Amino acid sequence: MPELPEVETVRSGLAPVMEGQVIARAEVNRPDLRWPFPARMAERLTGQRVERLRRRSKYILVDLSGGETLLIHLGMSGRMTVSGDPMGRFVRDHPPAQKHDHVVLNMQNGARIIFNDPRRFGMMDLMATKTADQHKLLAVLGPEPLGNDFHEDHLINAFKGRKTAVKTALLDQRLVAGLGNIYVCEVLFRTKISPILKAGEIAPKRVTALVPVIRQVLKEAIAAGGSSLRDFRQADGELGYFQHSFDVYGREGAQCNGPGCDGEVQRIIQGGRSTFYCLQCQR
Ligand SMILES: [Zn+2]
């Protein structure tokens with residue numbers, strides 16, 4: 001499942017082929033994904049110039065010249081592919097149509113953007129750009145972890161009195177938007193905080209320490225995604241997935257990377273999700 005850094009990599013990969021360019025023809029090949037597509041979506045997209053691509057949490061927002069914004073979420077298995085890129089960053093030839101190519105944007109500059117989603121947990125919607133923040137999926141989100149509204153006091157207040165585990169609290173999108181399972185595990189490892197501690201019982205000093213580490217972990221992953229984009233010429237044009245090494249995520253039973261630690265990475269289940277951590281390093 002794509003997390004914030006993967007979504008940011010998709011956004012920054014799409015931006016140079018879409019921004020300032022006109023959607024010559026949009027194809028919408030089915031009525032719905034997770035939810036029905038908005039009415040007449042293909043007509044409303046066709047002929048629009050893309051003004052800007054933005055990201056909010058794990059959503060991509062495509063601002064269009066006519067005053068509407070296309071909201072995109074990749075869901076569990078949604079993939080964006082670019083072909084025919086006039087800038088030569090991606091493969092030039094358009095691939096043959098695939099099963100699950102649900103939305104295809106043919107740009108006037110020759111680029112083709114394909115949204116393929118076998119499991120159809122993704123979503124797209126259209127809304128007025130002016131009131132985009134009030135869309136029901138965006139209005140409930142907490143501050144962006146890389147933005148100015150996410151800071152030490154915010155997190156201390158958000159944790160106050162919380163009886164849920166810190167791992168679960170950090171996954172709560174109302175508290176901070178866009179943090180997912182992988183990066184929460186990594187953040188807790190780096191701050192040596194046990195994922196099972198109750199959020200409200202962690203000393204303020206340790207809560208404060210989470211903020212710069214959350215930013216750092218996300219920035220490192222976004223940088224890794226950025227370098228994957230620069231190396232895309234020979235690839236299949238699919239955006240957003242890149243090799244990235246983790247300290248604990250997916251490393252159950254492996255030697256802990258903590259300096260001087262001889263422990264093994266453990267896996268437990270919290271709120272139905274796997275948590276990876278080191279019992280010795282994280283208290
Ligand atoms: Zn350890």
Side-chain angles (χ1 to χ4, degrees), residues 2 4-30 33 37-56 58-75 77-118 122-130 132 222-242:
L4 188 155
E6 287 79 15
V7 176
E8 178 56 27
T9 305
V10 173
R11 190 205 63 79
S12 59
L14 291 177
V17 285
M18 291 185 78
E19 281 181 343
Q21 302 296 327
V22 171
I23 302 170
R25 189 166 53 91
E27 300 167 33
V28 179
N29 296 327
R30 52 173 299 117
L33 293 172
F37 285 125
R40 301 171 36 251
M41 185 165 103
E43 290 107 295
R44 284 158 78 183
L45 292 174
T46 295
Q48 294 291 315
R49 190 180 62 245
V50 173
E51 303 287 1
R52 195 156 72 108
L53 265 74
R54 299 181 280 148
R55 181 188 54 74
R56 173 78 168 108
K58 296 180 214 174
Y59 295 91
I60 294 170
L61 289 85
V62 184
D63 292 340
L64 304 167
S65 51
E68 288 199 298
T69 293
L70 175 66
L71 181 68
I72 304 172
H73 194 278
L74 301 173
S77 57
R79 277 145 201 270
M80 287 283 190
T81 310
V82 178
S83 60
D85 168 25
M87 297 169 66
R89 285 177 86 197
F90 302 97
V91 285
R92 285 208 63 87
D93 295 341
H94 296 309
Q98 303 278 320
K99 205 176 173 188
H100 313 299
D101 284 351
H102 304 312
V103 176
V104 180
L105 303 177
N106 295 287
M107 307 302 291
Q108 216 163 53
N109 61 5
R112 179 181 293 168
I113 292 111
I114 298 173
F115 181 74
N116 182 294
D117 184 5
M123 63 81 58
M124 286 193 195
D125 201 359
L126 276 165
M127 62 220 181
T129 304
K130 273 186 183 161
I222 288 169
S227 51
S228 79
L229 282 178
R230 283 188 287 280
D231 199 26
F232 237 109
R233 208 175 286 267
Q234 74 284 15
D236 59 2
E238 185 181 314
L239 297 173
Y241 295 84
F242 47 90

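Just so it is clear, the model here is predicted, and its values are computed rather than measured.
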TODO: Begin with the C-alpha distance, continue with both residues' side-chain angles, and end with the deciding distance and a verdict on side chain to side chain contact (heavy atoms under 4.5 Å, CB included) for Arg54 and Thr129.
DONE: CA-CA 11 Å; Arg54 299 181 280 148; Thr129 304; 4.2 Å; yes

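- Annotation: side chain of Met123 is not in contact with side chain of Phe37 (no heavy-atom distance under 4.5 Å).
- In the displayed structure, Arg30 atom CZ is contacted under 6.0 Å by more than 12 heavy atoms of other residues, nucleotides or ligands.
- Considering NE2 of His100 and CG of Asn116, their distance stands at 7.0 Å, rounded to 0.5 Å.
- Arg112 and Asn106 form a side-chain donor-acceptor contact under 3.5 Å, judged by distance and modelled atom types alone.
- Under the 4.5 Å side-chain criterion, counting only non-hydrogen atoms from C-beta, Val82 is in contact with Leu239.
- One N or O on the side chain of Ser12 and one on the backbone of Thr9 form a donor-acceptor pair closer than 3.5 Å.
- Using a 4.5 Å cut-off on side-chain heavy atoms (C-beta onward), Ile113 and Met80 make contact.
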Task: Chi angles and distances behind the side chain to side chain contact (heavy atoms under 4.5 Å, CB included) call for Met107, Ile23 - done: CA-CA 4 Å; Met107 307 302 291; Ile23 302 170; 3.8 Å; yes

Task: Verdict with reasoning, Leu105 to Glu27, per side chain to side chain contact (heavy atoms under 4.5 Å, CB included) - done: CA-CA 6 Å; Leu105 303 177; Glu27 300 167 33; over 6 Å; no

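- Among the candidates Asp125, Asp63, Leu126, Leu53, the single residue satisfying the side chain to side chain contact (heavy atoms under 4.5 Å, CB included) test with Leu70 is Leu126.
- Looking at Arg49 and Leu64, their side chains never come closer than 4.5 Å, going by heavy atoms from C-beta outward.
- Taking NE2 of His102 as the start and CG of Asp117 as the end, the distance is 5.0 Å to the nearest 0.5 Å.
- At least one side-chain heavy atom of Arg56 sits under 4.5 Å from a side-chain heavy atom of Leu61.
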Open item on the list: Run Ile222 and Leu4 through side chain to side chain contact (heavy atoms under 4.5 Å, CB included) and show every step you take.
Closed with: CA-CA 8 Å; Ile222 288 169; Leu4 188 155; 4.1 Å; yes

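- Counting only heavy atoms from C-beta outward, the side chains of Glu51 and Glu19 never approach each other to under 4.5 Å.
- His73 places none of its side-chain heavy atoms less than 4.5 Å from the side chain of Leu33.
- In this structure, NE2 in His94 is found 12.5 Å from OG1 in Thr81, a value given to the nearest 0.5 Å.
- Nearest approach of Pro2 to Val7, heavy atoms of both residues: CB-CG2, 4.3 Å.
- Counting heavy atoms from C-beta on, the side chains of Arg44 and Glu68 come closer than 4.5 Å.
- Distance check: Ile114 CD1 to Ser83 OG gives 5.0 Å after rounding to the nearest 0.5 Å.
- Atom CG in Leu74 sits 5.5 Å away from atom CZ in Phe115 (nearest 0.5 Å).
- Atom CD1 of Ile60 sits about 9.5 Å away from atom CG of Leu71, to the nearest 0.5 Å.
- The shortest heavy-atom contact between Thr46 and Ala24 is CG2-O, 3.3 Å.
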